[in-house]
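This report concerns only the one structure given below.
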Amino acid sequence: MHSYDVRVWNIRKRPSKAAPFQLRWQVAGKEYQEKFATKTLADARRAELLTATLKGEPFDTESGLPVSEVRERNRTNWYAHARAHVGRKWPTAAAKHRASIAESLAIATMALCPPGRAGRRTTSCVARSTSGDSTRAVTTRNPRGEEAKALAWVERNAPAVVDLDNAARMRTVLEHLAKRQDGKPAAANTFRRRRAVLSNCLRLAVEHELLPGNPLHRVHWETPKAVEELDARSVATPAQARALLDAVRAQGPRGAHLVAFFACIYYAALRPEEVSMLSADQCDLPMEGWGRLMLAGARPQVGSAWTDDGKPYEERQLKHRAHRAVRPVPIPPVLVGILRDHLEAPGTTADGRLFSAVRGGPVRSQEYDARLEGGPPEGAHARAGRLSAGRHPLRPAARMRVLLAPLRGEPGRDSPPRRAERRRAPALLRQGAGR
């Protein structure tokens with residue numbers, strides 16, 4: 001605990017040859033003392049304590065020292081503090097959030113370490129280990145080889161937490177968090193996520209009394225605004241969606257198996273990890289009219305290093321939802337028909353899921369990305385699939401839409417027929433058009 005109730009008394013002489021001068025002071029009613037060999041040393045120490053009281057600095061009731069001295073004596077290494085923060089967050093954090101924490105703290109740690117030839121080599125090693133599913137630079141407990149040497153260098157050269165109480169140093173860290181590995185600016189949401197991770201780690205340091213306050217609050221930083229509204233131009237029209245589904249269907253048995261997978265993403269606006277967990281008992285598919293999906297979980301894909309059981313995916317609750325929460329999703333007749341056909345043809349997996357990989361298990365992102373890349377060797381559908389490779393199926397690139405129109409012999413987006421088609425889209429969905 002801290003207290004401002006401090007009294008510093010005069011120096012008195014004791015019958016001792018080794019340390020005859022004694023300095024006494026009181027904090028919250030408890031007396032403390034220090035002994036000195038000369039009166040000059042005792043006076044200097046008394047002046048330090050008086051200066052702390054004049055500055056309005058609180059004293060620690062356990063040690064009787066000013067809080068600034070306690071922090072200076074407990075010079076915890078930043079790297080050790082970051083690892084402790086990760087260990088505290090790990091049990092309750094989702095797998096993807098674990099990777100995000102490690103990535104953000106790895107970037108911040110390298111920004112705090114001194115530059116130089118050794119630092120550049122270590123940064124390169126950490127950058128390799130913090131890319132994709134291999135982000136283990138901060139959380140690895142038993143690193144080996146080059147990674148072990150890099151982390152040993154980081155541990156030796158990382159500053160103390162108390163030294164981070166510097167606005168200029170924090171600005172340098174923010175500048176690194178705002179960039180990608182290739183030096184280009186990171187997305188606004190990426191920077192916000194990284195800054196939040198760093199702020200949480202610094203708040204833990206404040207809680208442990210390693211810092212007087214969060215130094216990020218002293219840095220004036222204008223974060224670019226993230227795009228929160230959906231650009232209508234980036235949403236595929238029903239005709240474009242049918243073209244993509246036809247291209248996937250033409251890719252053999254596996255393509256036919258994944259048609260309903262992509263149809264759920266487009267017509268029901270589901271996330272891929274939600275479609276991966278979809279089972280037959282969650283589908284209400286009437287013979288006519290609209291149906292309903294009762295989503296109860298998600299299975300996001302993440303590296304095996306971040307899951308408790310070592311699997312490359314994690315079964316958990318819906319995103320931003322409580323455990324056991326169920327989200328009902330109405331689906332149009334066109335999707336009802338596609339799902340009914342899917343259940344009649346391939347059937348479900350052993351655990352009741354609608355979709356599975358070739359050798360069982362959930363459908364991996366590598367496979368459904370490859371299905372978009374492939375397609376018939378010739379024609380507009382194959383080119384459309386290649387143009388949309390690596391992008392979310394619900395948000396194809398603008399250049400893909402521009403190229404699709406002339407390839408299919410359709411009018412441009414700004415032409416009157418295309419505008420009329422967009423106005424009729426809700427009615428087409430209700431009628432189940434496009435099957």
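The structure displayed is predicted, hence computed values, not measured ones.
With hydrogens and angles disregarded, a donor-acceptor distance shorter than 3.5 Å links the side chain of Arg340 to the backbone of Leu285. Remark: side-chain polar atoms of Glu314 are paired, donor with acceptor, to backbone N or O of Ala95 under 3.5 angstrom. Checking side-chain atoms of Trp25 against main-chain N and O of Gly64 turns up a donor-acceptor pair under 3.5 Å. Looking only at distances, no side-chain donor or acceptor of Arg327 sits under 3.5 Å from a matching main-chain atom of Leu295. For Asp163 (side chain) and Pro159 (main-chain N/O), no donor-acceptor pair under 3.5 Å exists by modelled atom type. Between the Tyr32 side chain and the Thr61 main chain, a donor and an acceptor come within less than 3.5 Å of each other. For Arg98 (side chain) and Ala93 (main-chain N/O), a donor-acceptor pair under 3.5 Å exists by modelled atom type. Arg271 places no side-chain N or O within donor-acceptor distance of the main-chain N or O of Leu318, the cut-off being under 3.5 Å. Without hydrogens or angle criteria, His257 side chain to Phe355 main chain gives no donor-acceptor distance under 3.5 Å. Judged by distance alone, with hydrogens and angles left aside, the side-chain atoms of Gln240 form a donor-acceptor pair with the main-chain N or O of Thr237 at under 3.5 Å.
In this structure, SG in Cys113 is found 10.5 Å from CZ in Arg156, a value given to the nearest 0.5 Å. Interatomic distance, CG of Leu164 versus NE2 of His81, reported as 8.5 Å (0.5 Å rounding). Once rounded to the nearest 0.5 Å, the distance linking CD of Glu155 with OG1 of Thr109 reads 11.5 Å. Arg88 CZ to Leu204 CG: the interatomic distance, rounded to the nearest 0.5 Å, is 5.0 Å. The SG atom of Cys264 sits 5.5 Å away from the CG atom of Leu278 when rounded to the nearest 0.5 Å.
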(message) Please determine whether side chain to side chain donor-acceptor pair (under 3.5 Å) holds for the pair Asp5 and Ser3, giving the CA-CA distance in whole Å, both sets of side-chain angles, and the decisive distance to 0.1 Å.
(response) CA-CA 5 Å; Asp5 182 14; Ser3 177; 5.2 Å; no
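Listed here is the closest heavy atom pair of Trp78 and Leu202: CZ3-CD2, 4.0 Å.
A salt bridge is absent between Arg73 and Glu209; no separation between the charged side-chain nitrogens and carboxylate oxygens falls under 4.0 Å. Taking the charged nitrogens against the carboxylate oxygens, Arg194 and Glu103 do have a contact shorter than 4.0 Å, which makes a salt bridge.
Among residues two or more places apart in sequence or in another chain, the ring-ring contact (aromatic ring centres under 6.0 Å, His included) test is passed with Tyr313 by none.
In this structure, Trp153 has its ring center no closer than 6.0 Å to that of Tyr79.
For the 3.5 Å distance criterion, the side chains of Ser276 and Arg299 qualify, holding a donor opposite an acceptor.
Using a 4.5 Å cut-off on side-chain heavy atoms (C-beta onward), Val162 and Leu210 make no contact.
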